[in-house]
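In what follows, every heavy atom counts, from backbone to side chain, and hydrogens, waters and symmetry copies are set aside. Whatever order the structure lists them in is the order used to number ligands and atoms, beginning at 1.
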Amino acid sequence: MKNVTELLSELIRIPSNSGISNRALVDYASANLRVAGWSLREIPYRDTADIEKVNLIAAPPGQSADRGDVDLVFMCHTDTVPYATDWTDALNPIVKDGNLHGCGACDVKAVLACLLAIISQRPAQSGPDGLRLVLTADEEIGCIGASHLFAVDALRPRRMVIGEPTRLHAARAGKGYCLAEVTVEGKEAHSAHPQQGVSAIYHAARLIRAIEELEYGFREKTNTFFDPASTTINVGTITGGTAKNVVPGSCRFQLEWRPIPGEPADGVLNTVTHIIKRLHREDPNFRAVIQPLRQQPGFETAADAPLVRAIESLTGNPATSIPFGSEASIFSAVAEEVVVFGPGDMRTAHSSRECVPIGELEAAVACLRSIIDRA
Ligand SMILES: [Zn+2]
């Protein structure tokens, strides 16, 4: 029987960045689950590049993976971000100074390895009623697999533990993640005759100034569990114009916002849409459109929720919040208690520094096993 470090090493060796199919990784997990007598339900879909992606629902011996209403779901995404070409050992796990290094080591193959270790070590018996292990695809490019599972109503869990590196803290709240692209249209003209054109860049500047002021308004609504405590807004990229002597005919920028829990995901979107309408009323030459690309709300589970309290007492670590987006945003719409949890530190993830402390990996096995035993 393989231990958690061996399982994690094998998972790291299977390439699974979001650009390729996650089939090989799902097949590896499925083989381990089948040996333990678990029943499996695959929910495949094709991504935008027509590549097969697989979500997997696994149920303990004697239970049907087709049942939607379940008690406790452990969710792990199967994909990683792509790794830099100079990280030659990305898929060649190495133990150094008590840490296991490799692509996906903490984000989030570690949690999957923990759960596979726990399941394979359980004596052949039926697990707690309503326990499920769920693997998802395409988390790193916008929680697409989890959104797909949610859309087909395959799963309505009461409680969820979502695997992400939290240094073994129960993350009970997270900001949402939203992204839109704004296109401001003007009219090109020779810059010696600017009155014959409409500068898309001047108009974009007008709109961006209004968005900057908008953030001051959002600062009034706070949730002190976060730092910063309010919804944040960022204009991350901007492009526009074609030449120094041409009045720019078009300007585009990306607008990102991270809403605190309780703030609607489309709050900033709706307000910016109103600002665009107002600017157009004030100046009919002002024309802009905003296209939403992602809209995930924040999530928050009560501090005294039993799942939060259980992880706090099992790990000795206080609950925390996470500054990054996760699948919790999607399933908090149906689940009563959602916690993000896992070994390792997200600050090493998405880089060639990615690793997981083996001590935390083993502590996570003990904690997750206790949660399952208490279910
Ligand atoms: Zn992750």
Mind checking whether R156 and V70 have side chains closer than 4.5 Å, heavy atoms only? no
Do F218 and I260 have side chains that approach each other closer than 4.5 Å (heavy atoms only, starting at C-beta)? no
Whether R172 engages the ring of F225 as a cation-pi pair (distance to the six-membered ring centre under 6.0 angstrom, angle to the ring normal within 45°) should be assessed. yes
Does anything in residues 132-147 pair up under salt bridge (charged side-chain N to carboxylate O under 4.0 Å, His left out), and if so which pairs, sequence neighbours excluded? K53-D138
Taking NZ, NE, NH1 and NH2 as the nitrogens, is one of them in R23 or D27 under 4.0 Å from a carboxylate oxygen of the other? yes
Let me see the working for E212 and R209 under salt bridge (charged side-chain N to carboxylate O under 4.0 Å, His left out), right down to the final yes or no. CA-CA 5 Å; E212 190 182 357; R209 181 77 191 100; 3.2 Å; yes
Taking 2.8 Å as the strict upper bound, the Zn ion (ligand 1) has protein N, O or S neighbours numbering 4
